[in-house]
Peer 1: 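Below are the structure tokens for one structure; questions will follow.
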Amino acid sequence: MLKVNNIDVFYGNIHALKEVSLEVNEGEIVTLIGANGAGKSTLLKTLSGLLKPKKGEVLYQTQQIGGKPAQAIVKVGISHVPEGRRVFSTMSVEENLELGAYLRTDREEIKKDIANVYGLFPILGERRKQPSGTLSGGEQQMLAMGRALMAKPKLLLLDEPSMGLAPLIVKQIFEIIKMVNEKGTTVLLVEQNANMALSIANRAYVIETGKIVLSGTAKELQESEQVKAAYLGGL
Ligand code: ATP
């Protein structure tokens, strides 16, 4: 479904991604794990059109999407939930969800999809009129995911959904990611929480200072001594 071939991405002189290649097949949850500053967010920003690769290609289905504008990428079916959630805090929960559907014109379907999001995240339904800035961190993460789902993506890019959240909430969020995947959305999940990410993923990649250093099935990486020592707290 998605094929990244040897991309190089720079911020000025900073070489943030170095010949990165990875693949996501339809129906999978693939996770990209790595420490702070390894380049995880940079990769997602490149896939969603916020950054342009200097070299290499990004193929989605059969189209070359590397360097295309963000709006064109949403249109082909890729939605990005950025790190730090970034909901529109003065707008209500429901208005945020409506914004997620800004490229759609099918009003009736949009209403149904808002109801589906409330089915997935009942707390958002209860808070539908509330300004989203007043939601808890976990609720804001749910709203950011709900907003991305309103674009009806085939591929969902999630940037550190566990960041700053209590373990119980992280567990809930991960259960929902699994549910969204089971309903047919392919997921590329970027995480520092390798334990949780590997527990729901089919396959995984490890990124260190802009380079993919390891890849395999989630099970293989959970059992890898290198991954255990560096990312699973030496378990
Ligand atoms: P984190 O989890 O901390 O966000 P990350 O793995 O997502 O880490 P990136 O944010 O992708 O890492 O950053 C990769 C590298 O690029 C880092 O060295 C970072 O300092 C650098 N970088 C990121 N954004 C910029 C920017 N806007 N300008 C310059 N350098 C940047």
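Counting starts at 1 for both ligands and their atoms, following the listed order.
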Peer 1: Between G39 and L17, which heavy-atom pair has the shortest distance, and what is it?
Peer 2: O-CD2, 3.5 Å
Peer 1: So P161 and V81, do their side chains get closer than 4.5 Å, heavy atoms only?
Peer 2: no
Peer 1: For ligand 1, which atoms have a heavy atom of A38 less than 4.0 angstrom away?
Peer 2: 5 (P), 6 (O), 12 (O)
Peer 1: Can a salt bridge be assigned to the pair E108 and K112 using a cut-off of 4.0 Å between side-chain N and carboxylate O?
Peer 2: no
Peer 1: Of all the atoms in ligand 1, which lie at a distance below 4.0 Å from a heavy atom belonging to S41?
Peer 2: 4 (O), 5 (P), 7 (O), 10 (O), 11 (O)
Peer 1: Do the side chains of E175 and K178 get close enough for a salt bridge, i.e. N-O under 4.0 angstrom?
Peer 2: no
Peer 1: What are the two closest non-hydrogen atoms of L97 and Y118, and how far apart are they?
Peer 2: CD1-CE2, 3.6 Å
Peer 1: Please list the nearest protein heavy atom to atom 1 (P) of ligand 1 with its residue and the distance rounded to 0.1 Å.
Peer 2: N36 OD1, 3.5 Å
Peer 1: Under 4.0 Å, counting heavy atoms only: does E160 come that close to any atom of ligand 1?
Peer 2: yes
Peer 1: Would you check the N or O atoms of I14, main chain and side chain alike, for any that come under 3.5 Å of an N or O of ligand 1?
Peer 2: no
Peer 1: Establish whether atom 19 (C) of ligand 1 and some protein heavy atom are separated by less than 4.0 angstrom.
Peer 2: no
Peer 1: When only distance counts, is A16 in polar contact with ligand 1, meaning an N/O pair under 3.5 Å?
Peer 2: no
Peer 1: Taking the side chain as every heavy atom from C-beta outward, state whether Q141 and M163 have any pair of such atoms under 4.5 Å apart.
Peer 2: no
Peer 1: Checking side-chain contact (heavy atoms from CB on, under 4.5 Å) for the pair K45/V9: CA distance, chi angles, key distance, verdict?
Peer 2: CA-CA 10 Å; K45 286 179 188 161; V9 177; over 6 Å; no
Peer 1: For atom 14 (C) of ligand 1, what's the nearest protein heavy-atom neighbour? Residue, atom name and distance, please.
Peer 2: G37 O, 3.4 Å
Peer 1: Would you check whether A35 reaches within less than 4.0 Å of ligand 1, judged by its heavy atoms?
Peer 2: yes
Peer 1: Could you tell me the residue and atom name of the protein heavy atom closest to atom 4 (O) of ligand 1, and the distance to it rounded to 0.1 Å?
Peer 2: E83 OE1, 3.1 Å
Peer 1: Work out which heavy atom in S41 is nearest to a heavy atom in D159; give both atom names and the distance.
Peer 2: OG-OD2, 2.8 Å
Peer 1: Could you list which atoms of ligand 1 come closer than 4.0 Å to a heavy atom of Q192?
Peer 2: 2 (O)
Peer 1: Please evaluate residues K40 and E83 with respect to the criterion salt bridge (Lys or Arg N to Asp or Glu O under 4.0 Å), reporting the C-alpha separation (whole Å), side-chain torsions for both, the decisive distance (0.1 Å), and the verdict.
Peer 2: CA-CA 10 Å; K40 304 180 301 299; E83 188 178 7; over 6 Å; no
Peer 1: Quick test: of every protein heavy atom, which one is nearest to atom 11 (O) of ligand 1, and how far off is it to 0.1 Å?
Peer 2: T42 OG1, 2.5 Å
Peer 1: Heavy-atom contact under 4.0 Å between G34 and ligand 1?
Peer 2: no
Peer 1: Students should be able to answer this: which protein heavy-atom is nearest to atom 24 (N) of ligand 1, and at what distance?
Peer 2: Y11 CZ, 3.2 Å
